[in-house]
A.B. asks: 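One structure coming up, written as structure tokens, with questions to follow.
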Amino acid sequence: MTNTATTPDGLHGTRRSLTGWGRTAASACDVVPVRTAEDVDRALAAAAAAGRGVVARGLARSYGDAAQCAGGIVVDITGLDTVLESDLDAGLVRVGAGVSLDSLMRAFVPRGWFVPVTPGTRYVTVGGAIAADIHGKNHHRDGSFCSYVTRLSLATPAGRLEVSPESDPDLFWATAGGMGLTGIVVDATLRMVPVETATMRVDTERARDLDDCIGRMAERDGEYRYSVAWIDTLSRGSRMGRAVLTRGDHARLEELPAARRRDALRFDPAVRVRVPATPPSGLCNPVTVAAFNELWFRKAPRARTGELQSISTYFHPLDGVGAWNRMYGPRGFIQYQFVVPFGAEDALRGVLTRVSEGRMASFLAVLKRFGPADPGPLSFPTAGWTLAIDLPVGSPALSPMLDALDETVAGAGGRVYLAKDARMRPDVLEAMYPRLSEWRATRDRVDPEGTLVSDLSRRLGLVSSPRPRRGARRGRARSSPKAKQSATR
Amino acid sequence: MGMPQTAVVVGGTSDIARAVMRALVARRLTRIVLVGRDEIGLATAAKELQTLGPIEVDTMTLDVTDLGRVGAVVADASARLGQVDLVLVAAGVLGDQASVEHDPDAVARVFTANTTGPAAVMTAFATMLREQGHGRVVVLSSVAGVRVRRANYVYGASKAGLDAFAQGMAEALRGSGASLMIVRPGWVATRMTEGRDPAPFATTPDAVAADIVAGMERSASVVWSPRPLRLVFAVMKLVPAALWRRLPG
């Protein structure tokens with residue numbers, strides 16, 4: 001849905017209806033593409049001058065409404081796609097915020113450097129990775145993405161700022177997981193990690209139920225750099241939470257068969273199939289998903305060690321299926337991801353019980369262990385168990401169930417991941433993110449007028465004064481004097 | 001999904017509207033502007049909602065047949081909320097068929113209250129929602145407009161007009177970030193129908209409200225309440241006129 005009108009601010013924008021990866025909660029925004037840091041500065045200044053909200057958007061892999069601003073300006077940063085500097089001895093790279101992890105891997109894996117943290121998809125930008133302070137299967141050992149960012153350049157309504165954990169720790173860590181609300185990252189310097197091969201060495205085992213799964217993870221995760229469990233959410237009763245654990249590390253050169261050692265760093269993944277724009281409906285229902293889950297569980301070996309897998313097979317299996325988010329049909333889906341601290345296993349069990357008893361068809365449910373949190377007040381990962389579940393939208397039972405799960409999670413001292421959220425109630429936010437006011441204070445320092453706005457920030461009241469601010473007011477006089485009064489209330 | 005946090009209700013004293021507001025306050029609705037003709041009724045409705053939790057309810061008087069005031073009231077209601085997630089259009093009158101059907105002025109008044117006024121209100125809100133880039137209009141139509149009956153054709157025809165208008169507006173809003181949902185309730189036990197004999201599939205305001213909320217969850221474009229009426233009326237539309245006029249009720 002596009003029209004090619006230019007925004008009234010003279011910015012070359014296109015009005016478009018946007019959603020996140022979950023394809024729920026569409027809103028229309030004026031999308032302004034940028035190619036340079038100066039373009040970003042101009043877009044921010046124009047938005048501020050026009051009293052319009054603005055937020056950055058990368059590859060739109062956040063599931064909910066974080067990278068859109070209804071009626072406002074959305075700065076498309078995918079044009080900031082240049083690798084600016086690289087030091088292949090130290091493994092340091094300075095890249096534009098629009099560079100994707102996919103291009104980073106394609107450029108640097110062949111030279112022996114891997115990204116420090118990768119989520120389940122390579123199609124995220126560095127800017128988005130910072131804004132969500134993303135994690136991977138190695139969080140229990142290596143922490144989250146922003147721990148590997150040594151500096152960044154941040155365009156804010158207060159001007160462009162050079163920020164590092166040393167120069168301005170408050171602003172740096174408010175930006176880490178700050179959902180784009182402290183400014184627009186223009187470029188950043190990352191510390192990559194050395195690898196000898198582009199191959200993973202993976203151990204697979206099955207767990208018969210949730211307790212077996214968390215027992216195995218707690219006991220032996222420390223031996224692996226990467227660890228994840230796929231959980232069958234449709235198994236109930238004594239088999240509830242049965243799982244397939246896949247854990248591993250980058251294969252060392254001598255672990256490859258001799259024939260593959262010469263080209264050990266070759267990295268060239270491809271999209272194999274695409275989901276059509278209108279997939280056959282009714283693909284995702286409890287029957288088909290139960291059959292898939294049964295197959296998936298049975299297909300996994302009871303125990304297998306030292307299997308060699310490609311990076312994309314281990315980390316990004318769904319990247320091989322283009323537009324897989326269409327699978328769930330036109331109403332889209334929710335990915336519910338939360339973390340609860342160690343010791344709150346009952347809450348984890350409670351959530352999984354509720355989901356499996358609710359017979360919500362979910363292909364994808366993933367359990368991981370997080371290590372200690374980094375200093376970001378709004379950063380999601382914190383020591384404990386994190387579960388991510390994909391749930392199709394449509395059942396009237398879904399949102400009341402999720403509201404109840406929020407209570408369970410918050411009550412256990414846990415939190416929901418904002419980069420996945422499209423539906424949470426604003427009143428549970430403070431319980432989940434107790435350092436919210438600290439974050440707001442830092443944010444307000446660089447954006448006192450509240451120019452940085454997203455649908456997420458409006459919905460959850462993230463920004464301190466949720467004052468009436470409509471993206472597209474366009475300075476039109478209101479029709480009654482009373483309206484003016486109430487607008488300033 | 002997309003459960004509203006702010007709402008404007010036009011026809012704020014309507015029993016169905018009040019039931020919808022109660023159901024949504026239980027979810028996450030916290031700021032409401034009730035617009036209606038009857039100041040005292042609005043105050044009562046506001047008070048009732050405020051007993052449900054810490055929510056802000058504002059009231060504004062407007063008779064939707066006072067077409068000259070529609071634009072200003074819509075602008076004011078929108079400004080009070082800042083962001084409008086939901087506009088519920090529930091204004092309407094039943095009219096006594098026997099007494100209005102020979103009175104040209106009375107027929108015109110029913111159409112202004114049920115069709116012209118709501119269409120003007122929806123137009124003003126749709127313009128605002130387009131600019132805002134998000135939000136949903138929910139319009140109370142009626143099964144009475146699906147196939148009009150001798151016994152209530154003035155009311156039925158006025159709702160048929162509104163329903164057709166809403167269908168067109170729903171198409172026009174596609175891709176704008178805003179959307180529109182049409183609700184076609186059957187016979188509902190409300191103050192509007194008090195003292196009349198219930199029709200088959202009679203329902204209650206709370207049941208209609210539950211159907212509306214469920215429709216919002218799945219982003220429905222049309223909600224029939226109760227749901228079997230969709231099938232019933234698919235058949236009714238095909239019934240020959242000779243039989244149709246003999247059906248009871």
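Letters go in sequence order (proteins before strands), and every chain restarts at 1.
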A.B. asks: Heavy atoms only: give me the nearest Gly175(B)-Ala28(A) pair and the separation to one decimal.
C.D. replies: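 Of all heavy-atom pairs spanning Gly175(B) and Ala28(A), the closest is O-CB, 4.4 Å.
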
A.B. asks: Mind checking ring-ring contact (aromatic ring centres under 6.0 Å, His included) for Phe338(A) and listing every partner two or more places apart, or none if nothing turns up?
C.D. replies: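 Phe338(A) satisfies ring-ring contact (aromatic ring centres under 6.0 Å, His included) with Tyr336(A) once adjacent residues are dropped.
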
A.B. asks: Looking at Arg425(A), I'd like to know if its CZ atom is crowded, meaning that more than 12 non-hydrogen atoms belonging to other residues, nucleotides or ligands lie closer than 6.0 Å.
C.D. replies: yes

A.B. asks: Would you mind telling me which of Cys29(A), Gly332(A), Ser27(A) has the largest number of heavy-atom pairs within less than 4.5 Å of chain B?
C.D. replies: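 The option with the most such pairs is Ser27(A).
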
A.B. asks: Who among Gly215(B), Gly133(B), Ala178(B), Ser219(B) has the most heavy-atom pairs with chain A under 4.5 Å?
C.D. replies: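 Answer, by heavy-atom pair count under 4.5 Å with chain A: Gly133(B).
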
A.B. asks: Can you tell me how far apart OG (Ser395(A)) and CD (Glu217(B)) are? Round to the nearest 0.5 Å.
C.D. replies: 8.0 Å

A.B. asks: Can you establish whether the number of heavy atoms outside Glu430(A) located under 6.0 Å from its atom CD is more than 12?
C.D. replies: no

A.B. asks: How close do Ala70(A) and His134(B) get, counting heavy atoms only, and between which atoms?
C.D. replies: CB-CD2, 3.6 Å

A.B. asks: Can Arg458(A) and Gln83(B) be said to form a side-chain contact (heavy atoms from CB on, under 4.5 Å), step by step?
C.D. replies: CA-CA 9 Å; Arg458(A) 280 184 184 131; Gln83(B) 294 281 321; 3.5 Å; yes

A.B. asks: What's the shortest heavy-atom distance between Arg27(B) and Pro396(A), and which atoms?
C.D. replies: NH2-O, 4.4 Å

A.B. asks: Given the options Gly135(B), Gly177(B), Ala214(B), Ser179(B), which has more heavy-atom pairs under 4.5 Å with chain A than any of the others?
C.D. replies: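 Of Gly135(B), Gly177(B), Ala214(B), Ser179(B), Gly177(B) has the most heavy-atom pairs under 4.5 Å with chain A.
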
A.B. asks: Side chain, backbone, both or neither: which part of Ala220(B) has a non-hydrogen atom closer than 4.5 Å to chain A?
C.D. replies: neither

A.B. asks: Where the side chain of Gln5(B) meets the backbone of Arg459(A), is there a donor-acceptor pair that is under 3.5 Å apart?
C.D. replies: yes

A.B. asks: More than 12 heavy atoms of other residues, nucleotides or ligands under 6.0 Å from CD of Glu39(B): yes or no?
C.D. replies: no

A.B. asks: Are Arg28(B) and Asp427(A) close enough for a salt bridge, meaning some N to O gap below 4.0 Å?
C.D. replies: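 The answer is no: the pair does not qualify as a salt bridge.
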
A.B. asks: List in chain and number order the residues that pass side chain to side chain contact (heavy atoms under 4.5 Å, CB included) with Thr190(B), two or more places apart in sequence or in another chain; answer none if no residue qualifies.
C.D. replies: Asp15(B), Ile16(B), Val188(B), Met192(B), Thr193(B), Pro205(B)

A.B. asks: Considering only heavy atoms, which portion of Arg331(A) lies under 4.5 Å from any heavy atom of chain B: side chain, backbone, both, or neither?
C.D. replies: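 Contact with chain B involves the side chain of Arg331(A) alone.
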
